[in-house]
There are 2 protein chains.
Amino acid sequence: MDRRQQKTRGAIFRAFSTLLEIKRYGNITIQEIIDEANIGRSTFYAHFDTKDELLRAMCTDIFSHVFSDDLISEKTHDFSGNNNGLETKLTHILHHLKDSEKNIVGILSCESGELFMKYFKGYLTEMFSKYLNGTNVNAPADFVLNHLVGSFAETVKWWIDNSMKYTPETTAKYYMEVSCVDRITD
Amino acid sequence: MDRRQQKTRGAIFRAFSTLLEIKRYGNITIQEIIDEANIGRSTFYAHFDTKDELLRAMCTDIFSHVFSDDLISEKTHDFSGNNNGLETKLTHILHHLKDSEKNIVGILSCESGELFMKYFKGYLTEMFSKYLNGTNVNAPADFVLNHLVGSFAETVKWWIDNSMKYTPETTAKYYMEVSCVDRITD
DNA sequence: ACGTTACCGAACATGTTGTTCGTCATGATT
DNA sequence: AATCATGACGAACAACATGTTCGGTAACGT
């Protein structure tokens, strides 16, 4: 990738992040992003057609780090019956999110969180569904899966909103306790 | 309240609902609302200063029905130790939401859900916190409260997104089973 | 040194925004 | 029924955002 593209793309991302910390996604204009990034008007449109596409690209960037290949690969999946593997993975995810904190706080603090969460839940669904081979609970599988994904996503949002006051390890442990994972997974 | 105001206000709400079913909140212009509601430009601004204020008013309208006084009053709070009271309340909430389905589906299907959910969780937090006198779980109270509120909100969103394919009673029952409420509340 | 490619910046038509104001119609009140 | 207050209308306005075009310039990769 051309260095100029990298530089411009980086400037746009940085400007977008900065603005997201100040105001809501919906109220940010492309004009403001252009001014903040200090780039030409046509340059922006050469990279992204819409504001949504920009947000999407930024989310994809973040998740490609958070959900690294080994995190969702079958190989590290623990089939032994205990859920230590799951807790480990959740801890990893929280650690990765903590590292890219700068972007994420801005995204989540506003309504742009909606799109971020949508993508996030997509990845989480893929991950959790591998652990759901059966349940001891009298509820349909799709209900249970949604509950696990949704509650973990909410936990992450809450964790970030509260300045990540617990460590990733502690947060993952709390989640495992409250989520009845022992009742639900095999 | 003047009948003219009622009529106009209703027309705006109806137009807004209609548009929310077609496109995302962020992409709806005030101009479109004006056209759809078939009202004058200055009339809209006489009622609402911003689009956000309109959404806020609509959410408040809905919640004032969903969380009717007896739902969150102390008097119907079940202190006996079992959680039958909670399940009943959740069922009531789902029933109320089902009745105002027309508006809610539109709101939730787009990013406007962010604001809706924010208000919704405010009410839910108030309600759930009355049930949280102590826990059998090794996690802080604020973590548990957020988990209960967040997971129920997510459940509701999923329920609405999936055309409310289960009855309110069944959905509330599933939630109670998956949420470990028996472990968490007194 | 070369050709390629990205950025610039100005200009443009189009649409949105929020406000103002005189006019008219509909409401509440007596 | 007559009156008065109030809300809706709609046109007009400046200010701004949008998305696109295009010729010129600079930086890139090889």
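Letters A, B, ... mirror the listed sequences (proteins, then strands); counts begin at 1. No experiment lies behind these values; they were computed from the predicted model shown.
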Measure from [atom1] on [X] to [atom2] on [N] and round the result to the nearest Å.
X     : N      : atom1 : atom2 : value
B:N27 : C:dT17 : CG    : C1'   : 16 Å
B:K51 : C:dG18 : NZ    : P     : 10 Å
B:D49 : C:dT17 : CG    : P     : 14 Å

- Item | Boundaries of the DNA chain D segment in contact with chain A, non-hydrogen, under 4.0 Å | D:dA17 to D:dG29
- Do you know the tightest heavy-atom contact between A:L115 and A:D52? CD1-OD1, 4.2 Å
- Item | For the student: nearest non-hydrogen atoms of A:H65 and A:H96, plus distance | O-ND1, 3.4 Å
- Can you sort out the partners of A:Y166 under ring-ring contact (aromatic ring centres under 6.0 Å, His included), two or more places apart, ordered by chain and number?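 Once residues adjacent in sequence are excluded, the partners of A:Y166 under the ring-ring contact (aromatic ring centres under 6.0 Å, His included) criterion are A:Y174.
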- Task: Check ring-ring contact (aromatic ring centres under 6.0 Å, His included) between A:F152 and all other residues, then give those that pass, not counting sequence neighbours.
- Result: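 With neighbours one apart ignored, the set is A:Y175.
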I'd like to check the salt bridge (charged side-chain N to carboxylate O under 4.0 Å, His left out) partners of [X]; sequence neighbours left out, ordered by chain and number.
X     : answer
B:E53 : none
B:R4  : B:D2
B:D35 : none
A:K51 : none

Grab the N/O contacts between the protein and nucleotides 24-30 of chain C below 3.5 Å, and write none if there aren't any.
from	atom 1	to	atom 2	distance (Å)
C:dT26	O2	B:R4	NH1	2.6
C:dT26	O2	B:R4	NH2	3.4

- Chi angles and distances behind the side-chain hydrogen bond (donor to acceptor under 3.5 Å, both in side chains) call for A:Q5, A:H47: CA-CA 8 Å; A:Q5 288 190 56; A:H47 284 259; 5.2 Å; no
- Item | side-chain hydrogen bond (donor to acceptor under 3.5 Å, both in side chains) partners for B:T91, two or more places apart |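 Partners of B:T91 under the side-chain hydrogen bond (donor to acceptor under 3.5 Å, both in side chains) test: none.
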- Query: Which residues satisfy the side-chain hydrogen bond (donor to acceptor under 3.5 Å, both in side chains) test with B:T8, sequence neighbours excluded?
  - Reply: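 Once residues adjacent in sequence are excluded, B:T8 has no partner under the side-chain hydrogen bond (donor to acceptor under 3.5 Å, both in side chains) criterion.
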- Rounded to 10°, the helix from C:dG3-D:dC28 to C:dT30-D:dA1 deviates from straight, judged by its five-pair end axes, by 40°
- Message: Below the 4.0 Å mark, does C:dA6 have OP1 or OP2 next to a side-chain nitrogen or oxygen of A:H47?
- Response: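 Checking C:dA6 against A:H47, no side-chain N or O comes under 4.0 Å of OP1 or OP2.
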- Item | For DNA chain D, the residues among residues 29-45 of chain B that have a non-hydrogen atom under 4.0 Å from it |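 B:N38, B:I39, B:G40, B:R41, B:S42, B:T43, in order of number.
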- Out of curiosity, B:S151 OG to B:W158 CH2, how far, rounded to the nearest 0.5 Å?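 CH2 of B:W158 is found 13.5 Å from OG of B:S151.
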- Taking only Lys NZ, Arg NE, NH1 and NH2, and the carboxylate oxygens of Asp or Glu, determine whether A:K23 and A:E32 approach each other closer than 4.0 Å.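 The answer is yes: the pair qualifies as a salt bridge.
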